[in-house]
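Working notes for the structure below.
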Amino acid sequence: MMMIRSLRLRVHPSLYISSFSTLSSSSSSAAAVQADRTIKEGPRNNWTKDEIKHVYDSPVLDLLYHGAQVHRHAHNFREVQQCTLLSVKTGGCSEDCSYCPQSSRYNTGLKAQKMMNKDAVLEAAEKAKEAGSTRFCMGAAWRDTVGRKTNFKQILEYVKEIRGMGMEVCCTLGMIEKQQALELKEAGLTAYNHNLDTSREYYPNIITTRSYDERLETLKFVREAGINVCSGGIIGLGEAEEDRVGLLHTLATLPEHPESVPINALLAVKGTPLEDQKPVEIWEMIRMIATARIVMPKAMVRLSAGRVRFSMSEQALCFLAGANSIFTGEKLLTTPNNDFDADQMMFRVLGLTPKAPDFDQKATSFEAERCEKEATAS
């Protein structure tokens with residue numbers, strides 16, 4: 001017994017430390033490993049689907065912690081962007097998006113309306129600004145803007161006026177062409193929203209009237225025009241976790257990460273094909289938000305539709321995981337949302353601070369190409 005004890009005492013303490021480090025390293029989650037890499041190397045566009053899946057599948061507390069680490073490294077962690085979304089043309093859409101009450105194919109009780117006039121839109125923008133919003137987004141229930149010259153000119157005018165108020169301006173008008181993207185840029189548009197909704201593989205189960213590649217083409221035109229890309233998706237459509245990973249993989253491997261990534265939780269509307277889908281749980285939102293934060297560190301990750309169902313405590317976990325943008329106001333297009341007063345109370349309780357507007361606009365790729373040619377010619 002005495003000999004065994006002396007042998008134990010002769011083991012160098014460094015061996016215990018080394019063994020502990022090896023054990024700690026081998027037990028690190030993918031969220032920990034990839035968050036550390038993101039902090040050291042910054043954003044990258046060569047993510048594999050397996051890498052993102054391993055991050056997404058990490059223990060939820062690890063995702064929370066490491067999402068928060070990346071968030072604090074890349075952003076002012078208490079700062080949250082407040083956006084307001086207004087439906088300037090409601091209902092009557094020809095598309096068959098299974099989640100959308102604005103589709104003319106479904107009996108949801110929503111009546112098609114004419115486009116809002118300038119005074120009504122500007123009044124809504126002023127109210128949003130007074131309530132603390134710094135980005136004003138206008139949505140129209142259109143498949144695309146082809147053949148809508150008069151309405152599109154109105155939109156351009158609205159963009160100029162709202163930008164003149166000192167607000168960032170965003171639009172979501174369906175598919176747009178290259179020339180229209182350039183005109184929106186010229187008018188002062190900050191960002192253009194065009195969600196991918198879900199993975200390429202699951203997409204045909206949700207929409208058949210617009211292809212996935214058409215959505216990606218719109219994002220290309222927006223990006224090349226020098227407008228910030230806003231693109232995310234919806235969870236709770238009946239998709240598998242692999243589809244959520246697939247959506248994040250597509251976004252994270254675009255030529256540039258989107259400036260904004262909205263994460264929406266389906267609000268099932270009676271009369272739509274998805275009316276019986278069960279509500280999304282908070283842990284599902286946390287997984288999406290934290291994974292998005294780790295793989296797209298500089299993006300504004302927006303806690304979007306469905307937020308109205310989450311308590312202040314649950315929303316706090318989303319902010320901790322990496323969300324730093326919300327839609328505020330009583331409606332998101334046609335679905336319910338948290339009102340301004342509830343959000344202001346949440347900001348006070350959680351110690352959040354409103355993000356100031358950012359008017360740092362990048363040059364279009366066309367402008368960059370022209371400048372390069374001029375420099376070469378001289």
Side-chain angles (χ1 to χ4, degrees), residues 43 45 83 85 88-89 93-95 97 100 115 135-160 162-163 168-200 203 207-234 247-262 296 298-300 302 333 358-373:
N45 305 77
C83 312
L85 176 59
V88 298
K89 167 60 184 79
C93 183
S94 63
E95 299 231 64
C97 307
C100 186
M115 188 161 162
R135 177 174 290 190
F136 191 77
C137 187
M138 294 175 282
W142 296 332
R143 178 180 187 273
D144 53 46
T145 50
V146 175
R148 305 182 190 277
K149 289 184 179 179
T150 301
N151 285 339
F152 188 72
K153 285 182 179 178
Q154 286 179 274
I155 293 289
L156 293 176
E157 188 177 351
Y158 297 172
V159 170
K160 290 175 184 175
I162 297 168
R163 184 62 182 269
E168 296 178 16
V169 193
C170 176
C171 284
T172 178
L173 313 170
M175 292 183 290
I176 58 172
E177 298 174 333
K178 183 185 294 186
Q179 181 58 37
Q180 292 172 321
L182 291 170
E183 290 175 25
L184 286 166
K185 165 71 175 179
E186 182 66 25
L189 192 72
T190 309
Y192 193 89
N193 168 259
H194 202 61
N195 289 334
L196 296 179
D197 288 345
T198 187
S199 70
R200 180 183 287 275
Y203 184 85
I207 304 158
T208 66
T209 50
R210 186 191 320 185
S211 73
Y212 209 72
D213 286 324
E214 284 176 315
R215 288 183 181 265
L216 290 170
E217 184 180 51
T218 292
L219 296 185
K220 178 176 180 287
F221 292 155
V222 169
R223 187 169 55 246
E224 288 179 345
I227 299 170
N228 289 326
V229 169
C230 172
S231 187
I234 309 169
L247 167 66
L248 292 174
H249 177 254
T250 300
L251 293 170
T253 54
L254 290 172
E256 296 176 20
H257 291 166
E259 178 262 354
S260 298
V261 178
M296 293 174 280
K298 294 194 174 178
M300 302 298 295
R302 186 166 298 124
L333 298 179
D358 182 1
F359 299 118
D360 181 22
Q361 290 284 285
K362 56 187 178 181
T364 70
S365 63
F366 305 118
E367 288 171 345
E369 186 178 342
R370 187 194 68 221
C371 292
E372 186 177 340
K373 287 179 180 178

(request) Nearest 0.5 Å please: distance from the CG atom of N193 over to the CD1 atom of I227. (result) 12.5 Å
(request) Return the minimal non-hydrogen interatomic distance between W142 and I155, and the atom names on each side. (result) CH2-CG1, 4.4 Å
(request) Walk me through it: do H194 and M175 pass the test side chain to side chain contact (heavy atoms under 4.5 Å, CB included)? (result) CA-CA 8 Å; H194 202 61; M175 292 183 290; 4.1 Å; yes
(request) Could you tell me which non-hydrogen atom of T250 sits nearest to which non-hydrogen atom of Y212, and how far apart they are? (result) OG1-OH, 4.0 Å
(request) Evaluate the side-chain proximity of Y192 to L173: yes if any heavy-atom separation is below 4.5 Å, no if none is. (result) yes
(request) Find the distance between NE2 (H249) and OG (S199) and round it off to the nearest 0.5 Å. (result) 12.0 Å
(request) Check whether any side-chain heavy atom of L216 lies under 4.5 Å from a side-chain heavy atom of R200, and answer yes or no. (result) yes
(message) Any non-hydrogen side-chain atom of I176 less than 4.5 Å from a side-chain atom of T218?
(response) yes
(request) Could you tell me which residues satisfy salt bridge (charged side-chain N to carboxylate O under 4.0 Å, His left out) with K160, sequence neighbours excluded, listed by chain and number? (result) none
(message) Among residues at least two apart in sequence or on other chains, which ones pass side-chain contact (heavy atoms from CB on, under 4.5 Å) with E177?
(response) V146, Q180
(message) Test of understanding: with side-chain contact (heavy atoms from CB on, under 4.5 Å), list the residues that count as partners of T209, not counting sequence neighbours.
(response) E95, D96, R105, I207
(request) With sequence neighbours excluded, tell me which residues meet side-chain contact (heavy atoms from CB on, under 4.5 Å) with P43. (result) H257, P297, K298
(message) Going by the rule side-chain hydrogen bond (donor to acceptor under 3.5 Å, both in side chains), which residues pair with E157 if we only count those two or more places apart in sequence or in a different chain?
(response) K118
(message) Between L184 and V222, is there a side-chain heavy-atom distance shorter than 4.5 Å?
(response) no
(request) Identify the two heavy atoms, one from C137 and one from C171, that lie closest to each other, and give their separation to 0.1 Å. (result) SG-N, 4.1 Å
(request) Provide the closest heavy-atom pair for G232 versus L247 in the form atom of the first, atom of the second, distance. (result) O-CD1, 3.8 Å
(request) Could you check if a side-chain atom of T190 sits within less than 4.5 angstrom of a side-chain atom of D358, using non-hydrogen atoms only? (result) no
(request) Please identify each residue that fulfils side-chain hydrogen bond (donor to acceptor under 3.5 Å, both in side chains) with S260, with sequence neighbours left out. (result) R135, R302
(request) Check the pair T172 / N195 against side chain to side chain contact (heavy atoms under 4.5 Å, CB included), numbers first and verdict last. (result) CA-CA 9 Å; T172 178; N195 289 334; over 6 Å; no
(request) Give the minimum heavy-atom separation between G188 and V159, together with the two atoms involved. (result) C-CG1, 3.9 Å
(message) Keeping N45 on the side-chain end and L254 on the backbone end, is there a donor-acceptor pair under 3.5 Å?
(response) yes
(request) Please list, chain by chain and in numerical order, all residues satisfying side-chain contact (heavy atoms from CB on, under 4.5 Å) with Q154, sequence neighbours excluded. (result) M115, T150, N151, Y158
(request) With sequence neighbours left out, write down each residue that passes salt bridge (charged side-chain N to carboxylate O under 4.0 Å, His left out) with E217, or none if nothing qualifies. (result) none
(message) Quick one, I162 and M138 - any side-chain contact, counting heavy atoms below 4.5 Å?
(response) yes
(request) List the atom of E259, the atom of A191, and the distance in Å for their closest heavy-atom pair. (result) OE1-CB, 4.3 Å
(request) With sequence neighbours excluded, tell me which residues meet side-chain hydrogen bond (donor to acceptor under 3.5 Å, both in side chains) with Y203. (result) R215
(message) I'd like to check the ring pair (Phe, Tyr, Trp, His ring centres under 6.0 Å) partners of F152; sequence neighbours left out, ordered by chain and number.
(response) none
(request) Could you tell me the separation between the SG atom of C170 and the CG atom of L189, rounded to the nearest 0.5 Å? (result) 6.5 Å
